[in-house]
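Read the structure below first, then the notes.
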Amino acid sequence: MRSGILICYFQPLEHPALMLLAVLSGFILALFAPLICRVAGDRCGWVLALLPAVLFVWFAGLLPDVMANGAQVVRYPWFPAMEINLDFLIDGLSLMFALLISGIGTFILIYAGGYLKGHPFLGRFYVLMLSFMASMLGLVLSDNLVTLFVFWELTSITSYLLIGFDHEDVKARACALQGLFVTVAGGLALMAGLIMLGTMAGSYSLSGVLASDADLLGHEWAVP
């Protein structure tokens with residue numbers, strides 16, 4: 001019955017490979033960011049901003065299909081035996097955040113090119129910013145509770161490095177450590193909650209939890 005509900009409400013995406021590429025493209029571009037900055041010079045921000053701009057257009061193009069047919073899922077086996085998969089859930093909420101991340105990210109990359117013009121570590125900044133953006137996309141689009149936690153931890157690490165970007169500044173280092181402490185503490189609470197939720201629903205898939213006929217509110221772990 002549960003699988004039937006899942007098929008009814010969560011349809012497979014028409015071009016699943018593009019979703020995986022969209023999420024991971026930020027990490028891929030981050031590898032080449034220092035080289036692009038050396039080649040493009042002052043136009044580095046504009047060149048790198050092309051990626052989130054293209055992603056914004058692509059995510060916007062998914063809206064009509066989601067509005068017409070409902071939520072969609074993309075499934076990529078990673079560690080099937082442990083129910084750890086690179087699965088993505090595309091619905092109105094996740095698309096809204098994906099559009100915010102890619103749209104605002106476009107302007108941040110452009111603005112940073114002028115604001116940090118001539119900075120010796122500009123390439124490193126773009127590596128961190130692109131990785132942070134990709135981590136956030138993976139977080140808001142993830143359908144697997146375990147990979148959702150992995151992307152959350154990636155945002156914690158990259159935000160820590162971004163806050164402490166000016167590592168010679170004592171205040172920047174202190175703020176970075178404070179931010180890392182808060183996100184790691186929150187991450188531990190999140191991990192415990194996700195494990196309990198997956199156990200209660202009998203699935204570590206977010207779409208599976210949503211489609212589950214288990215009485216989650218009546219479970220003994222509902223309050224914690």
Closest heavy-atom contact between [X] and [Y]?
X: Gly198; Y: Tyr204; result: CA-CE2, 3.9 Å
X: Ala112; Y: Tyr126; result: C-OH, 3.6 Å
X: Gly26; Y: Leu130; result: O-CB, 3.7 Å
X: Ser142; Y: Leu206; result: O-CD2, 4.1 Å
X: Val23; Y: Ala134; result: O-CB, 3.6 Å
X: Glu153; Y: Gly187; result: OE2-CA, 3.8 Å

Got a second to check how far [X]'s [atom1] is from [Y]'s [atom2], nearest 0.5 Å?
X: Ser207; Y: Asp87; atom1: OG; atom2: CG; value: 7.5 Å
X: Leu137; Y: Ser102; atom1: CG; atom2: OG; value: 6.5 Å
X: Arg43; Y: Ile110; atom1: CZ; atom2: CD1; value: 12.5 Å
X: Thr106; Y: Leu50; atom1: OG1; atom2: CG; value: 9.0 Å
X: Leu139; Y: Thr155; atom1: CG; atom2: OG1; value: 6.0 Å
X: Leu148; Y: Leu141; atom1: CG; atom2: CG; value: 10.5 Å

How about [X] and [Y]: do any of their side-chain heavy atoms sit closer than 4.5 Å?
X: Asp143; Y: Arg75; result: yes
X: Arg124; Y: Pro34; result: no
X: Ile90; Y: Leu62; result: yes
X: Ser205; Y: Asn144; result: no
X: Ile108; Y: Met133; result: no
X: Leu55; Y: Phe59; result: yes
X: Met136; Y: Trp152; result: no
X: Leu128; Y: Phe132; result: no

Show the numbers, then the answer: is there a side chain to side chain contact (heavy atoms under 4.5 Å, CB included) between Phe32 and Ile28? CA-CA 7 Å; Phe32 300 97; Ile28 298 172; 4.2 Å; yes
Apply the test side chain to side chain contact (heavy atoms under 4.5 Å, CB included) to residues Leu18 and Val74: give CA-CA distance (whole Å), side-chain angles for both, the deciding distance (0.1 Å), then the verdict. CA-CA 10 Å; Leu18 290 178; Val74 181; over 6 Å; no
Would you please classify the geometry between the Phe88 ring and the Phe151 ring as parallel, tilted or perpendicular, with 30° and 60° separating the classes? tilted
Hydrophobic cluster membership, [X] vs [Y], 4.5 Å side-chain cutoff:
X: Met196; Y: Leu194; value: yes
X: Ile157; Y: Leu188; value: yes
X: Leu51; Y: Val54; value: no
X: Ile104; Y: Leu48; value: yes
X: Val127; Y: Ile101; value: no

Tell me yes or no: between the side chains of Ser131 and Thr158, is some donor less than 3.5 Å from an acceptor? no
Step-by-step side chain to side chain contact (heavy atoms under 4.5 Å, CB included) determination, Val140 to Leu93: CA-CA 9 Å; Val140 302; Leu93 183 62; over 6 Å; no
Under 6.0 Å between the ring centres of Phe107 and Tyr111? no
Chi angles and distances behind the side chain to side chain contact (heavy atoms under 4.5 Å, CB included) call for Phe125, Leu162: CA-CA 7 Å; Phe125 171 82; Leu162 279 170; 4.0 Å; yes
Is it the case that over 12 heavy atoms from other parts of the model lie below 6.0 angstrom from the CZ atom of Phe27? yes
